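My questions all concern the structure below.
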Amino acid sequence: MCISKLKKAQDYEKKNEAIGNMQEHPLFHVTPAIGWMNDPNGFSFYKGEYHLFYQYHPYSTEWGPMHWGHVKSKDMISWKRLPIALAPDEEYDMKGCFSGSALELPNGKHAIMYTGVSDAKKYQKAASDNAVMQMQCMAYGDGVTYEKYAGNPVITYHDIPSGGSVEDFRDPKFWYDETDSCYYAIVGNRAKDGCGSLLLFSSADTFSWHFVSVPHSCKNQIGKMWECPDFFSLCGKNIIITSPQEVDARDLEFHNGNNSLCMIGKLNAQKDTFVEESAQQIDYGLDFYAPQTLLAPDGRRIMIGWMQSWERSHCKPVDVKWFGMMTIPRELSILDGRLIQNPIKELEQYEKNTVIYEKVLLSEKMELKNVCGRTIDMTLEIVPLYNQKQQSVSIYLASNEKYYSEIHYSSPDSILTFNRTHSGFQHDVLATRQVPVRFRNGAIKMRIIMDRYSIEIFVNDGEQAVSATIYTPQEANRIYFESKELSYLNVKKSDIIL
Ligand code: FRU
């Protein structure tokens with residue numbers, strides 16, 4: 001009997017996950033059991049639980065024909081692995097089941113919308129050899145098992161506006177619009193001039209889709225192809241999140257080549273024009289891409305991203321059995337026209353062994369008792385004693401005599417620098433990032449989340465986020481502080497224990 005591609009991948013994962021597990025995974029950040037993972041997909045709330053799928057190639061730690069891996073959770077901190085949900089096993093997705101989204105339907109089904117990548121020649125005789133075609137497809141399931149829709153693909157190359165690329169047409173995010181009583185899907189496309197544009201489609205039933213408009217496009221302003229779009233409302237505004245490729249840096253923003261962009265504005269009533277009020281980079285770190293959001297039952301808008309940059313995804317330790325991790329889920333809000341992101345409150349229930357230090361006088365190098373570890377949640381406040389214009393403070397994380405990852409704050413320019421030059425990467429050319437931060441109420445506040453192979457920094461209650469992976473051996477778990485001028489330090493540090 002011929003075993004299906006899906007069953008083969010599921011069996012392979014089961015058989016090999018023990019090997020992957022021999023190498024410690026992060027404790028509360030999603031990773032694959034074995035093999036390669038990229039974008040978060042289908043981040044959704046279904047029948048009382050949060051589901052997260054991801055771009056998955058179980059057979060190696062390199063990107064390959066994409067499957068959808070699957071985990072679920074009651075609180076988005078402690079995750080349970082589920083069988084692989086999709087494999088590239090149909091003519092229309094033979095070259096990969098690319099990114100997409102998921103939603104609970106009124107009939108109780110969990111609907112998935114994804115991009116099927118196929119051989120273009122199968123659909124267009126004139127297509128050149130090796131050309132691919134990307135079309136949008138549906139699958140329906142019960143939270144564990146998913147079946148592809150017999151009428152796939154549901155949005156094809158015929159639905160793309162004239163001149164749009166059939167090779168770059170991917171990553172549908174769909175949602176239900178109460179006001180219009182229909183489903184909408186926003187899909188990334190490359191327009192005639194090579195720049196990214198977003199296409200909007202609508203459907204009454206998720207089976208049959210119609211082109212509506214091109215609400216926004218990049219006009220070659222920020223990057224080229226816009227991958228992984230998301231659209232939602234927050235604090236009375238409409239938000240578009242997307243991940244542009246080939247971005248030119250602007251000052252301290254957009255340095256990773258492939259970047260993530262948040263645009264705040266308003267979509268007009270005809271749904272054909274997004275009036276952009278502001279555009280910002282989402283994360284200032286070295287590793288952040290392809291974020292996706294969901295609306296939690298209590299109204300919070302929560303975002304999760306792939307904590308990896310494409311640019312450095314080929315440099316990994318030789319012996320790794322799994323590769324790729326997600327960020328901590330972040331609650332979004334808007335303040336003064338900018339996106340704010342903070343770790344979800346569910347993390348707090350796992351905080352143990354909390355130690356608090358108040359008004360510690362910081363001068364030279366200093367360690368604090370029980371302030372150490374690699375799976376921690378730590379909030380710091382640095383309050384200069386005399387002159388906030390003359391500050392130079394460093395925090396060394398994941399350190400021992402050989403390794404450290406440094407966060408350095410300096411004024412008067414008020415720049416935070418993250419540096420992982422000594423964080424266990426042997427091929428890391430790109431190792432620092434700088435972030436403009438502000439002094440608020442005479443202090444700088446930072447929340448630092450560490451989970452074995454990552455550091456996420458949330459500055460001033462989420463005004464900036466900085467995410468980065470590290471490969472520092474776990475024994476390097478010391479934390480110390482250093483300041484050139486006198487300042488007070490307030491510290492609250494907890495271990496995360498699941
Ligand atoms: C973004 C991306 C998506 C695509 C997927 C393929 O990282 O390139 O556009 O669907 O990865 O794995």
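A quick note: this is a predicted structure, and the numbers were derived from the prediction, not measured. Throughout, residue positions are numbered sequentially from 1 according to the sequence presented. Hydrogens, waters and symmetry mates play no part in the numbers below; they use all other heavy atoms, side chains included.
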Open item on the list: Can you confirm whether Arg440 sits close enough to Glu381 that some side-chain heavy atom of one is under 4.5 Å from a side-chain heavy atom of the other?
Closed with: no

TODO: Please determine which of Phe169, Trp68, Trp63 meets the ring pair (Phe, Tyr, Trp, His ring centres under 6.0 Å) test together with Phe98.
DONE: Trp63

Open item on the list: Within a 6.0 Å radius of atom CG on Asp413, are there more than 12 heavy atoms belonging to other residues, nucleotides or ligands?
Closed with: yes

Open item on the list: Can you tell whether the side chains of Glu358 and Lys492 come within less than 4.0 Å, N to carboxylate O?
Closed with: no

Task: Pairing of Lys173 and Asp230 as salt bridge, 4.0 angstrom limit - done: yes

- [ ] Could you check His408 against Asn419 for side chain to side chain contact (heavy atoms under 4.5 Å, CB included), going step by step and ending with a plain yes or no?
- [x] CA-CA 8 Å; His408 178 79; Asn419 184 344; over 6 Å; no

- [ ] Scan Tyr403, Tyr480, Phe418 and name whichever one has a ring pair (Phe, Tyr, Trp, His ring centres under 6.0 Å) with Tyr396.
- [x] Tyr480

- [ ] Please examine the side chains of Gln281 and Leu261, heavy atoms only from C-beta on, and report whether any two atoms are closer than 4.5 Å.
- [x] no

- [ ] Output every pair passing salt bridge (Lys or Arg N to Asp or Glu O under 4.0 Å) with a member in residues 278-293, not counting sequence neighbours, ordered by first then second residue.
- [x] Asp283-Arg330, Asp287-Arg312, Asp287-Arg420

Open item on the list: Do Pro229 and Ile241 have side chains that approach each other closer than 4.5 Å (heavy atoms only, starting at C-beta)?
Closed with: no

- [ ] Measure across Met76 and Pro329 and return the closest heavy-atom pair with its distance rounded to 0.1 Å.
- [x] O-CG, 3.6 Å

Open item on the list: For His67 versus Ala87, what's the shortest heavy-atom pair and its separation?
Closed with: CD2-CB, 3.6 Å

TODO: Check whether any side-chain heavy atom of Ile376 lies under 4.5 Å from a side-chain heavy atom of Ile449, and answer yes or no.
DONE: no

TODO: Any salt bridge (Lys or Arg N to Asp or Glu O under 4.0 Å) involving residues 46-64? Give me the pairs, sequence neighbours left out, ordered by first then second residue.
DONE: Glu49-Lys72, Glu49-Lys74, Glu62-Lys316

Task: Heavy-atom check, side chain of Pro244 versus side chain of Glu227, under 4.5 Å - done: no

Open item on the list: Salt bridge or not between Arg301 and Glu331? Use side-chain N to carboxylate O under 4.0 Å.
Closed with: no

Task: Any side-chain heavy-atom pair of His70 and Ile84 under 4.5 Å - done: no

Task: Under 3.5 Å donor-acceptor, Asn490 side chain and Leu380 backbone - done: no

Task: Side chain proximity check, Leu52 to Val30, heavy atoms < 4.5 angstrom - done: yes

TODO: List for me each residue that meets side-chain contact (heavy atoms from CB on, under 4.5 Å) alongside Cys372, sequence neighbours excluded, and say none if there are none.
DONE: none

Open item on the list: Under a 4.0 Å threshold between the charged nitrogen and the carboxylate oxygen, would Glu367 count as salt-bridged to Arg478?
Closed with: yes

Open item on the list: Set out, in order, the CA-CA distance, both residues' side-chain angles and the distance that settles side chain to side chain contact (heavy atoms under 4.5 Å, CB included) for Asn38 and Tyr54, then state yes or no.
Closed with: CA-CA 6 Å; Asn38 58 289; Tyr54 49 87; over 6 Å; no

